[in-house]
Amino acid sequence: MVRVRFAPSPTGNLHIGGGRTALFNWLYARAKEGKFILRIEDTDQLRSKPEFVDEILNSLEWLGFNWDEIYYQSKRFDIYNKYAEKLLQEGKAYREKAPDKDGEAIIFKVPQKKIKMQDLIRKEIEFDTSLIKDQVLIKSDKTPTYNFACVVDDAQMNITHVIRGDDHISNTPKQMLLYEALGFPLPKFAHLPLIMGIDGGRLSKRTGATAISDYRKLGYLAGALDNYLLLLSWAPGDNRELIDINEAIKLFDITQVNKTSATFDLKKLGWINNQYLKNVDSEKLTDLIVPQLVEKNYIQKDNFDRNYLVSLVKLFQPRLSVVNDFVDWADFLFLEEPKIDPIAAEKHLTKDLSSEFKQFTEKLLALKVFDIASIEECFRSLVSDLGIEAKTLVHPVRVALTGKTIGPGLFEVIFYLGSVRTCKRLERFIK
Ligand code: GLU
């Protein structure tokens, strides 16, 4: 049975790279009906923090990568010590006292030879271990090193496939030597390509090296982020870009993962998120938006017109890149007076349109039926009577009502604002 693991160190939050590694492990386990194991590599007692463990677990849950088993390395020190002792007894390791430290470290005698790794993604890679120094297994403070604990655990946990980032390639020969010394069978290896920033450099804060939990806070949907993480190193074929990870299970093949590095493109992620937002259930989207509106004091927690809110959400839904756009773009529907963007005002509200605005408000108030079609009809007949182009009035009215140059259709905006609020806002510009 396939058994794979994701092995984060809780010395920081789960980032894009870790999220992608977790996804590919989860996907492979599900594709092969195997097990997905989570191993918290918290051997560094100073830098590992419980809050990072929580953050990582929450992010994995949010992304939908449910694990079958979970282990903490900090609870397994006895096991690592036992195997280190074994290597000592067999003469494959030795003790050494560091000049400035108290205890003794246990060090692995690295055999010198050429070894070949068969990588499922990168194919064959050859290493010359004569370039590798003897390796510390247990540090003088009695804690195990990453390479040693990793090998002991991968073997003890019967991991069949080690799927991890390319940045670990240089560790793999060291680990292979340890498998051999300990008499453990080798797992298969698959190294995922590096993720670069759009500027061609390493992924940085500026180019998107943000915690998964921050993407969540920024208003990305888990499904969209999953889809994007998948595309970073694999394609379902037929130039298809939108694919649910649960659907990808059927199509996924680890040997078809890209060898070349991936480029993390926030614009592309925004596009994918927008596609998902268009299709997400408006009621669910409303649930995500409500807390943000409450926080802004735009609505009161248990006292708002949900039906009205859902229709507003539907109105904005096709345009949103992130959930959070709604609060920014729809603010004018919740505020007593819209926040007028000075650049928009400069562009569209400097000309005196008192007479046009006045006539429009009169016509609106006289409407017998106040629906989108009648509002449009009323507006069109006015511009035709005035002999002006629609746009000479559309933009100024929009800015007066919403404070912005962008947004949903003007007639929808008027409909949802209602005739009273619409007229009140236009009157502010009637001299
Ligand atoms: N704790 C290591 C890391 O976070 C795990 C590497 C591995 O998957 O072997 O990079």
Side-chain angles (χ1 to χ4, degrees), residues 2-29 34-57 59-60 63 65 67 69-77 79-80 83 117 119-122 125 127 132 135-137 139 143-179 182 184 186-195 202-203 209 211-213 229 233 254 257:
V2 163
R3 288 175 61 85
V4 293
R5 86 307 192 271
F6 175 56
S9 306
T11 51
N13 293 328
L14 185 69
H15 279 69
I16 288 294
R20 186 208 43 181
T21 302
L23 166 65
F24 280 82
N25 277 284
W26 175 87
L27 196 55
Y28 192 62
K35 296 277 185 237
F36 173 55
I37 288 135
L38 186 57
R39 184 169 73 226
I40 305 296
E41 301 210 323
D42 53 353
T43 54
D44 186 332
Q45 286 161 322
L46 278 177
R47 290 173 56 229
S48 298
K49 298 261 170 347
E51 52 269 34
F52 291 133
V53 175
D54 290 344
E55 200 270 352
I56 293 168
L57 298 188
S59 297
L60 291 172
L63 291 168
F65 310 154
W67 52 91
E69 297 166 26
I70 182 170
Y71 301 95
Y72 291 81
Q73 287 192 324
S74 57
K75 297 186 183 143
R76 299 169 59 84
F77 283 8
I79 305 173
Y80 312 127
Y83 283 104
M117 179 202 13
D119 191 283
L120 289 170
I121 299 168
R122 312 251 313 214
I125 307 179
F127 301 97
I132 303 174
Q135 296 286 308
V136 176
L137 301 177
K139 296 183 227 170
T143 62
T145 55
Y146 153 69
N147 276 318
F148 186 53
C150 177
V151 168
V152 169
D153 280 345
D154 283 341
Q156 294 302 300
M157 295 170 190
N158 298 311
I159 300 302
T160 55
H161 296 74
V162 170
I163 304 171
R164 60 184 169 206
D166 245 359
D167 48 328
H168 285 288
I169 280 201
S170 62
N171 285 318
T172 307
K174 298 174 190 167
Q175 297 185 3
M176 288 169 78
L177 293 173
L178 285 168
Y179 277 97
L182 290 160
F184 294 149
L186 265 191
K188 295 207 161 51
F189 292 100
H191 289 91
L192 302 167
L194 267 179
I195 305 176
R202 284 194 58 156
L203 203 57
I212 299 287
S213 54
L229 291 174
S233 304
I254 186 102
V257 168

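Everything numeric here is computed off the predicted structure, so don't read it as measured data. When reading the values below, keep in mind they use all heavy atoms of this one structure, side chains included, and skip hydrogens, waters and symmetry mates. Start at 1 and go down the list; that is how both ligands and their atoms are numbered.
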Output the list of atoms in ligand 1 that are nearer than 4.0 Å to some heavy atom of Y146, sorted by atom number. 2 (C), 5 (C), 6 (C), 7 (C), 9 (O)

Looking only at protein heavy atoms, which one is nearest to atom 8 (O) of ligand 1, and what is the separation? R5 NH1, 2.7 Å

Looking only at side-chain N and O atoms, does N147 offer a donor or acceptor that is under 3.5 Å from a partner on Q175? yes

Within a distance under 4.0 Å of any heavy atom of E41, pick out the atoms of ligand 1 and give their elements. 1 (N), 2 (C), 5 (C)

Can you establish whether the number of heavy atoms outside K174 located under 6.0 Å from its atom NZ is more than 12? yes

Looking at R164, which atoms of ligand 1 are within less than 4.0 Å of one of its heavy atoms? 7 (C), 8 (O), 9 (O)

Please report whether ligand 1 has a polar contact with P8, defined as an N or O pair separated by less than 3.5 Å (distance criterion only). no

re atom 5 (C) of ligand 1, the protein heavy-atom contact at minimum distance is A7 O, 3.1 Å

Taking only heavy atoms of C150, which atoms of ligand 1 are found under 4.0 Å from at least one of them? 9 (O)

Lys/Arg-Asp/Glu bridge criterion (N-O < 4.0 Å) met for R122, D119: no

Protein contact of atom 10 (O) of ligand 1 - nearest heavy atom, named by residue and atom, plus distance: H168 NE2, 2.8 Å

Side chain to side chain contact (heavy atoms under 4.5 Å, CB included) for L57 and W67? Distances and angles first, verdict last. CA-CA 10 Å; L57 298 188; W67 52 91; 4.0 Å; yes

State the CE-CZ distance between M176 and F189, to the nearest 0.5 angstrom. 6.0 Å

So how far is it from D153 CG to N158 CG, rounded to the nearest 0.5 Å? 11.5 Å

